[in-house]
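Notes follow the structure.
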Amino acid sequence: MSDKTILIVEDEQAIADSIAFALGKEGFTPHHVMLGEQALAAARDLAPALVILDVGLPDISGLDVCRRLRQFSEAPVIFLTARSDEIDRIVGLEIGADDYVTKPFSPRELVARVRVILRRAGNGNGNGAVPAAQATPPAASRTPAFELRAAEARILFAGQPLDLTRYEYLLLKTLVEHPGHVLSRAQLMDRVWCDAPETLDRTVDAHVKSLRAKLRAIDDNADPIQTHRGMGYSLQPGA
Ligand code: CA
């Protein structure tokens with residue numbers, strides 16, 4: 001396999017371009033295709049080190065592409081998804097996805113994940129990568145106490161709607177979408193405060209604090225947001 005070639009399967013040219021640019025800057029060789037069938041052909045021809053795969057493709061679903069890819073390749077797959085209900089399907093299908101990223105996302109963050117997965121997968125063993133999903137499954141389960149209603153920009157906790165500011169909502173949404181994942185302050189700032197580059201670490205901490213207070217107002221024993229000293233925050237899976 002080629003340990004620098006990354007296959008991008010994405011039907012939106014602008015998104016593909018921004019990913020390809022970020023990958024190229026980091027020394028990778030991006031190869032972009034628009035359709036699922038092209039992706040399977042390219043994966044055979046190029047033996048990429050990793051595949052970035054949009055779920056919503058015009059010809060066949062990214063999930064089906066992944067399933068068919070797995071018949072001949074163990075290259076790690078990062079899914080791109082625009083819809084939170086797709087995440088359940090990605091996680092539930094056990095088709096060997098190594099990670100997923102919800103749109104909109106920062107290309108820089110995506111490239112950072114590519115690096116982590118390739119390192120974890122033991123890039124350069126010459127025999128295709130071991131699916132990293134075996135080591136660290138993506139988002140084990142949705143946290144049942146939370147219900148994300150992305151279309152309404154609303155999150156319910158224990159069946160009750162939370163009254164959240166915009167940043168509190170985006171912060172909690174990010175945590176809920178990645179239960180059990182430790183997200184650093186930098187990652188949270190990247191995702192939640194992407195339109196506010198002056199954000200400080202303590203802004204993240206202050207919003208976590210106000211979120212905790214709002215969760216406790218509904219259930220005074222609830223403390224589902226965990227602090228990982230020096231690392232960041234995570235949402236307890238199954239909280
Ligand atoms: Ca798409």
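Atoms within each ligand, like the ligands themselves, are counted from 1 in listed order. Start at 1 with the first residue, then count along the sequence.
- Rounded to the nearest 10 degrees, the angle O (Gly56) to the Ca ion (ligand 1) to OD1 (Asp11) equals 80°.
- Leu80 lies apart from the Ca ion (ligand 1) in this respect, since none of its N, O or S atoms is found at a distance under 3.0 Å.
- A salt bridge links Asp223 and Arg212; the closest N-O separation between the charged side-chain nitrogens and carboxylate oxygens is under 4.0 Å.
- Looking at Thr203, Val204, Leu211 one by one, the single match for side-chain contact (heavy atoms from CB on, under 4.5 Å) with His207 turns out to be Thr203.
- Ionic pairing of Arg68 and Glu37 is present here: one or more N-O contacts between side-chain nitrogen and carboxylate oxygen are shorter than 4.0 angstrom.
- None of the N, O or S atoms belonging to Glu10 lies under 3.0 Å away from the Ca ion (ligand 1).
- Residues Asp205 and Arg202 are not paired through a salt bridge, judged by the lack of any N-O separation under 4.0 Å between the basic side chain and the carboxylate.
- Closest N/O/S atom of Asp54 to the Ca ion (ligand 1): OD2.
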